[in-house]
Undergrad: 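What follows is a single structure, and I will ask about it in a moment.
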Amino acid sequence: MSTITVKNDSEATLLFSIFKQGGAGIPFYADWIKGGSSQSMKIGNFSRVGVGVQAQNGGVWISDPRNGPSFKAGKTCTFTITKTKS
């Protein structure tokens, strides 16, 4: 089974969901990844996938898988959240 590496470069635990490129229906694979860690995620037989990220299950997308970027097997997706003062 093909995989990508997902790196959560934030302090929050986030829900990462893998979708066929351009899709956002039912995820192929999803898992919670702790802040400051990396994990291998399955992408099945899709040639490219989008990665959706949420701070809570069923929450608003922080990163929407329909709007790119997309990733091929063996690539790394790095997600960074930056908190700024208003």
Side-chain angles (χ1 to χ4, degrees):
M1 170 124 354
S2 297
T3 63
I4 62 169
T5 299
V6 175
K7 181 179 179 187
N8 180 358
D9 196 17
S10 73
E11 295 178 2
T13 299
L14 300 171
L15 178 62
F16 285 79
S17 300
I18 304 296
F19 297 88
K20 181 179 179 181
Q21 180 182 15
I26 298 172
F28 172 75
Y29 184 77
D31 205 356
W32 291 94
I33 300 178
K34 292 183 180 181
S37 64
S38 296
Q39 180 173 316
S40 178
M41 294 189 77
K42 300 173 189 173
I43 66 168
N45 295 323
F46 300 130
S47 59
R48 295 188 74 83
V49 295
V51 178
V53 182
Q54 296 175 316
Q56 65 183 27
N57 197 11
V60 175
W61 291 114
I62 297 169
S63 172
D64 189 332
R66 295 170 292 190
N67 299 324
S70 61
F71 302 90
K72 295 190 293 187
K75 296 296 181 182
T76 299
C77 167
T78 302
F79 191 81
T80 304
I81 295 176
T82 304
K83 183 176 180 180
T84 60
K85 292 182 180 181
S86 52

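Position 1 is the first residue of the sequence, and the numbers go up from there.
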Undergrad: If you look only at distance, which donor and acceptor atoms sit under 3.5 Å apart when one is on a side chain in residues 69-79 and the other is two or more places apart or in another chain?
TA:
{"residue": "Ser70", "atom": "OG", "partner": "Gln21", "partner atom": "NE2", "Å": "3.3"}
{"residue": "Ser70", "atom": "OG", "partner": "Arg48", "partner atom": "NE", "Å": "2.8"}
{"residue": "Ser70", "atom": "OG", "partner": "Arg48", "partner atom": "NH2", "Å": "3.2"}

Undergrad: Among pairs that include at least one residue of residues 54-63, which meet salt bridge (Lys or Arg N to Asp or Glu O under 4.0 Å), considering only residues two or more places apart or in two chains?
TA: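 Checked against salt bridge (Lys or Arg N to Asp or Glu O under 4.0 Å) - neighbours excluded - no pair reaches residues 54-63.
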Undergrad: So, using side-chain contact (heavy atoms from CB on, under 4.5 Å) as the criterion, who are the partners of Asn67 when residues are at least two apart?
TA: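 Listed in chain order: Asp64.
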Undergrad: If hydrophobic clusters are built from ILVMFWY residues whose side chains come within less than 4.5 Å, do Ile62 and Ile18 share one?
TA: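 Shared cluster, yes.
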Undergrad: Could you list the residues that satisfy side-chain contact (heavy atoms from CB on, under 4.5 Å) with Ser37, not counting sequence neighbours?
TA: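 Ile33, Lys34.
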Undergrad: For Ser10, which residues count as a side-chain contact (heavy atoms from CB on, under 4.5 Å) partner, sequence neighbours excluded?
TA: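 Testing Ser10 for side-chain contact (heavy atoms from CB on, under 4.5 Å), a comparison that skips the adjacent residues, returns Asn8, Ala12, Leu14, Ile81.
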Undergrad: Sequence neighbours left out, what passes side-chain hydrogen bond (donor to acceptor under 3.5 Å, both in side chains) with Asp31? Give chain and number order.
TA: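 With sequence neighbours excluded, Asp31 shows a side-chain hydrogen bond (donor to acceptor under 3.5 Å, both in side chains) to Gln39, given in chain and number order.
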Undergrad: Taking salt bridge (Lys or Arg N to Asp or Glu O under 4.0 Å) as the cut-off, I'd like each qualifying pair that reaches into residues 8-23, sequence neighbours left out, listed once.
TA: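 Listed by first then second residue: nothing to list.
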Undergrad: List the residues meeting side-chain contact (heavy atoms from CB on, under 4.5 Å) with Ser40, not counting sequence neighbours, and say none if there are none.
TA: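 Listed in chain order: Thr3.
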Undergrad: Any idea which heavy atoms bring Phe19 and Pro65 closest together, and the distance?
TA: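 In terms of heavy atoms, the two residues are closest at CD1-CG, 3.5 Å.
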Undergrad: For Phe28, enumerate each residue passing the ring pair (Phe, Tyr, Trp, His ring centres under 6.0 Å) test, keeping only those at least two apart in sequence or located in another chain.
TA: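 Phe46.
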Undergrad: Could you list the residues that satisfy ring pair (Phe, Tyr, Trp, His ring centres under 6.0 Å) with Phe16, not counting sequence neighbours?
TA: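 In terms of ring pair (Phe, Tyr, Trp, His ring centres under 6.0 Å), with neighbours along the sequence ignored, Phe16 is linked to no residue.
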Undergrad: Between Val6 and Val53, does the side chain to side chain contact (heavy atoms under 4.5 Å, CB included) criterion hold? Intermediate values first, please.
TA: CA-CA 11 Å; Val6 175; Val53 182; over 6 Å; no
